[in-house]
Amino acid sequence: MVHWATSPYSPSTHESDLQSGMQAYLTDCILSALASMGGAPEGFAPEFEQPANPDHGDLSSNAAMQLARHFRKAPRAIAEDIVSHLRDLPLDAARVAAVELAGPGFLNFRFADAHLANELQQIIAAGADFGRTTTGNGKRALVEFVSANPTGPLTVGHGRNAVLGDTVATLLEWSGFEVDREYYFNDAGRQMRILGESVRARYMARVSPDIPTKQIGEGDEILTVPEPFPEDGYRGAYIDDIAGELFEAHGGNLDTDDVEPFKRAAEKQIFADIEATLARLGIHMDSFFNERTLYDSNRVWEIVEAFREKDLAYDKDGAVWFKTTEFGKEADTVLVKSTGEPTYRLPDIGYHADKLERGYDLCIDIFGADHIATFPDVLDGIRSLGYDADKVDVVIYQFVTLIRGGEPVKMSTRKATYVTLDELMDEVGDDVTRFFFLMRSPNTHLEFDLDLAKEASDKNPVFYLQYAHARICSILRKAEETGLERRGTADLSLLDHPAEQTLVKVMMDLPDTIDRAAENREPHRLSNYLREVAVAFTQFYGQCRIIGEDESLAKARLQLADAARQVLANGLSILGISTPERM
RNA sequence: GCGCCCGUAGCUCAACUGGAUAGAGCAGCGGACUUCUAAUCCGCAGGUUGCAGGUUCGAGUCCUGCCGGGCGUGCCA
């Protein structure tokens, strides 16, 4: 992913509440050990990570390696000193079961059983809120996404944008931001005029079926259209549908000299369709921002003047140019065309200035890869106007290819052979649609295999997660039938089976996973994580029985299973995917 | 030409922001249903992380140069 600007996070603030409890404790212990070894450099903070290999403990620090230069000693020797001082402290046996020295100088810590029981207790107590963090500290974020002009139905490409933006927004909410979702559009440009003309031509053909026709396009793109149809008009069937509705409502009474009513009717209908499509995906915008307001308020022209005053804009060939060479670009770019119409850059700058003036601490834009080159100008623009461009972050996602029968599905907006988002959802389902858009890094070109997506089987990863959830629900139902009470206190320290402990450890990672996914704007981190949870639960399920065990153990395991269900439910709800109780 | 992204198992992709033996799924092979859901599980096999250098205790990750693919590079958005 490209981050044009630094995120407002600092590396030291993204640890989750749960994990940071242990990390903060161990940090204190290590610093205390270092103090008696002659002191660490100012501002030193030991780094921690979770080892991939369970033999390396539950949490590992490379502090000794970080300090090799400072102490001018071998990392292993430093680590030995630290370990010996830690043992003298001593470490709290209720939290840390063991500290070991390994490899080139890693300090490996093993959690005590009591610590795991305590963590599980906290997960249960947090319930539907488990995973929420305070990282964002109540700062306000605006996520702008979809932002398709209302010229046609949303396509598969928009789908990735929509799902990505919505989920990034939800992730930010969970990590403590106050988030608004916004849709930016322009209903005044050339695109919309052609849309209106396209509808009008179809309407005229409805009124007068004998109207002359013509052919547009060439090769296999040839299409027969009514004479007034614009050369580069919109070809989709929805255009004729809208014309048909106008004809139903007004007969032949509409004044075809004026394109405005046709444009407005088209916009209204298409926007309604877009909102309905988004609603199917569970997406609801907080606001729609019409580019036109930037003209009505004169804002765009004020910006041109501001640039002129700063000597960043000048006239040439009848156009107004933006001195992007000042920001390291090879050439200046046009800000206002010789027709007097601004290029997209100008309103974009105005729009971002507006967002920042509305008090947002973080403005995220979700863009397809084809917008990559346009954005530096906007950032340079608002920066030179005195705004803090570091508050703006752009998420670029790569394109989607649909695969059917092992072959890419060819799509072209011109030929109107694109697959709409609605058609995709009709074919594979809403949950699968969301999940497939979220299971890969935004940075990678997404191959959406329709055959795989449709298959309601083990090949389809989304069902694996839902199945684990449904399975737990089934156990809870069964437990209720047999009179096993899930609520109340249970002795969680009875959970000493390796599969139980692994499951708890995985579940503990949810807040941290959410923070990282939010910080990096990478929802796939969460979907990958949820698979780990499902795997850990399934292994626990395979190795440990619940119903039929001794009552205190059964109750503890039932609470563990219920906590796993909650973790899956919380995660899936962030991804916007349903959590069936039966499958 | 220039800018950005990508290159990891046969295929689709991960890899906790520089850590220890690079991991999943699918496909392949071999096993497991008198059990709380088999839409499941267990095992086997699969790799010079595109190539070549560099930085350091340590590189898939950072730097440089190549090779290959995608997207841009507009008085379109």
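Just so you know, these numbers use all the heavy atoms, side chains as well, and skip hydrogens, waters and symmetry mates.
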Engineer: Once hydrogens and angles are ignored, does a donor-acceptor distance under 3.5 Å link the base of B:G19 to the side chain of A:N62?
Structural biologist: yes
Engineer: Side chain of A:E447 only, please: which of B:A38, B:G19, B:C13 is the nearest?
Structural biologist: B:C13
Engineer: Check whether any side-chain nitrogen or oxygen of A:K478 sits under 4.0 Å from OP1 or OP2 of B:U37, and answer yes or no.
Structural biologist: no
Engineer: Take atom CG of A:L59 and atom C1' of B:A20, then tell me their distance rounded to the nearest Å.
Structural biologist: 15 Å
Engineer: Checking contacts here: which listed nucleotide (B:U37, B:C75, B:C4) is nearest the side-chain heavy atoms of A:A470?
Structural biologist: B:U37
Engineer: Which value, in whole Å, describes the distance between the P atoms of nucleotides B:A24 and B:C5?
Structural biologist: 29 Å
Engineer: Check every strand shown and say whether A:T374 touches a base, only sugar-phosphate, or nothing at a heavy-atom separation below 4.0 Å.
Structural biologist: base
Engineer: Using a heavy-atom cut-off of under 4.0 Å over every strand shown, decide if A:A102 touches base, sugar-phosphate, or nothing.
Structural biologist: base
Engineer: Any sub-3.5 Å donor-acceptor pair from A:D431's side-chain atoms to A:I577's backbone N or O?
Structural biologist: no
Engineer: Under a 90° cut-off about 0 for the syn range, is B:C33 syn or anti?
Structural biologist: syn
Engineer: Is the ring pair A:F540/A:F537 parallel, tilted or perpendicular, if the boundaries are 30 and 60 degrees?
Structural biologist: tilted
Engineer: Between B:G7 and B:C13, how far apart are the two P atoms, rounded to whole Å?
Structural biologist: 10 Å
Engineer: With no hydrogens and no angle check, is any side-chain donor or acceptor of A:T167 less than 3.5 Å from a backbone partner on A:P523?
Structural biologist: no
Engineer: So does A:S338 reach the base of B:C75 with its side chain, donor to acceptor, closer than 3.5 Å?
Structural biologist: yes
Engineer: Indicate the atoms forming the closest heavy-atom contact of A:A569 with A:T579, along with that distance.
Structural biologist: CA-CG2, 3.8 Å
Engineer: In terms of side-chain heavy atoms of A:M65, which of B:G19, B:U35, B:U37 is nearest?
Structural biologist: B:G19
Engineer: Across the strands shown, which category fits A:S474 at heavy-atom distances under 4.0 angstrom: base, sugar-phosphate, nothing?
Structural biologist: base
Engineer: Would you confirm whether A:T324, through its side chain, and A:A331, through its main-chain N or O, come within 3.5 Å as a donor-acceptor pair?
Structural biologist: yes
Engineer: So among A:F375, A:F399, A:Y184, A:Y397, which one has a ring-ring contact (aromatic ring centres under 6.0 Å, His included) with A:F367?
Structural biologist: A:F375
Engineer: Side-chain N or O of A:Y344 versus OP1/OP2 of B:A77: is the shortest distance under 4.0 Å?
Structural biologist: no
Engineer: Taking atom C1' of B:C75 as reference, at what distance in whole Å does atom OH of A:Y314 sit?
Structural biologist: 12 Å
Engineer: Distance between the C1' atoms of B:U61 and B:G1, in whole angstroms?
Structural biologist: 29 Å
Engineer: Closest to the A:T343 side chain: B:U37, B:A77, B:U35?
Structural biologist: B:A77
Engineer: Could you tell me whether the side-chain ring of A:H56 sits stacked on the base of B:A20, using a centroid cut-off under 5.5 Å and a plane angle under 30°?
Structural biologist: yes
Engineer: How does RNA chain B look in dot-bracket notation if pairs are Watson-Crick or G-U with both distances under 3.5 Å, crossing ones as [ ], other-strand ones as |?
Structural biologist: (((((((..((((.....[...)))).(((((.......))))).....(((((..]....))))))))))))....
Engineer: Can you tell me how far P of B:A14 sits from CD of A:E522, to the nearest Å?
Structural biologist: 9 Å
Engineer: Could you tell me the separation between the CD atom of A:E330 and the P atom of B:G3, rounded to a whole number of Å?
Structural biologist: 8 Å
Engineer: Test for a donor-acceptor pair under 3.5 Å between the base of B:A20 and the side chain of A:S60, counting only N and O atoms.
Structural biologist: yes
Engineer: Give one of base, sugar-phosphate or nothing for A:R190, where a contact means two heavy atoms less than 4.0 Å apart.
Structural biologist: nothing
Engineer: Base, sugar-phosphate, or nothing for A:H371, non-hydrogen atoms under 4.0 angstrom?
Structural biologist: base
Engineer: Taking only the side-chain nitrogens and oxygens of A:T401, find out if one of them lies under 4.0 Å from OP1 or OP2 of B:U12.
Structural biologist: no
Engineer: What distance, rounded to whole Å, do you find between the two P atoms, one in B:G69 and one in B:G74?
Structural biologist: 23 Å
Engineer: OP1 or OP2 of B:C41 less than 4.0 angstrom from a side-chain nitrogen or oxygen of A:Y464, does that happen here?
Structural biologist: yes
Engineer: Just how far, in rounded Å, is P of B:C2 from CZ of A:F327?
Structural biologist: 24 Å
Engineer: Just checking A:N528: base, sugar-phosphate only, or nothing, at a heavy-atom cut-off of under 4.0 Å?
Structural biologist: sugar-phosphate
Engineer: From the list B:A39, B:U35, B:G72, which nucleotide is the closest neighbour of the side chain of A:R545?
Structural biologist: B:U35
Engineer: Name the nucleic acid region contacted by A:E581, choosing base, sugar-phosphate or nothing; use a 4.0 angstrom heavy-atom cut-off, strictly under.
Structural biologist: base
Engineer: Need one value for A:D317: base, sugar-phosphate or nothing, where a base atom within 4.0 Å counts as base even if backbone is also close, heavy atoms only.
Structural biologist: base
Engineer: Whole-Å distance between B:C5 C1' and A:I366 CD1?
Structural biologist: 16 Å
Engineer: So is A:R471 actually on top of A:Y541's ring, under 6.0 Å and inside 45° of the axis?
Structural biologist: yes
Engineer: Rounding to a whole Å, what distance do you find between A:E80:CD and B:C57:P?
Structural biologist: 20 Å
Engineer: From C-beta outward on A:M583, which listed nucleotide comes closest to its side chain: B:A39, B:C13, B:C36?
Structural biologist: B:A39
Engineer: Measure the acute angle between the ring planes of A:F48 and A:F109, then classify it against the limits of 30° and 60° as parallel, tilted or perpendicular.
Structural biologist: tilted
Engineer: Which heavy atom of A:L294 sits nearest a heavy atom of A:Y351, and at what distance?
Structural biologist: CD1-N, 3.8 Å
Engineer: Please measure how far the C1' atom in B:G18 lies from the corresponding atom in B:C57, and state the result in whole Å.
Structural biologist: 12 Å
Engineer: Take A:I547 and A:F399, find for each the nucleotide of RNA chain B with the closest heavy atom, and name the residue whose nucleotide sits nearer the 5' end.
Structural biologist: A:I547
Engineer: Does B:A38 have OP1 or OP2 sitting under 4.0 Å from an N or O in the side chain of A:R471?
Structural biologist: yes
Engineer: Can you list everything that forms a ring pair (Phe, Tyr, Trp, His ring centres under 6.0 Å) with A:H524? Sequence neighbours excluded, please.
Structural biologist: none
Engineer: Is the shortest side-chain N/O distance from A:Q539 to OP1 or OP2 of B:C42 below 4.0 Å?
Structural biologist: yes
Engineer: Would you measure the distance from the C1' atom in B:U21 across to the matching atom in B:G58 and give it in whole Å?
Structural biologist: 14 Å
Engineer: Quick one: label A:C473 by what it contacts on the DNA or RNA (base, sugar-phosphate, nothing), any heavy atom closer than 4.0 Å.
Structural biologist: nothing
Engineer: For a quick test of reading the model, state the closest non-hydrogen atom pair linking A:S175 to A:D515 and the distance between them.
Structural biologist: CB-OD1, 3.0 Å
Engineer: Just checking A:N108: base, sugar-phosphate only, or nothing, at a heavy-atom cut-off of under 4.0 Å?
Structural biologist: base
Engineer: Please classify the nucleic acid contact of A:A319 as base, sugar-phosphate, or nothing, using heavy-atom distances under 4.0 Å.
Structural biologist: base
Engineer: Quick check: does any side chain N or O of A:S474 sit under 3.5 Å from a backbone N or O of A:A470, one acting as donor and the other as acceptor?
Structural biologist: no
Engineer: What interatomic distance, in whole Å, is found between P of B:G19 and the corresponding atom of B:C2?
Structural biologist: 32 Å
Engineer: Distance between the C1' atoms of B:U40 and B:G25, in whole angstroms?
Structural biologist: 15 Å
Engineer: Rounded to whole angstroms, how far apart are CG on A:L530 and P on B:C13?
Structural biologist: 20 Å
Engineer: Let me know, please, whether A:Y541 or A:D348 comes out on the 5' side of the other along RNA chain B by nearest nucleotide.
Structural biologist: A:Y541
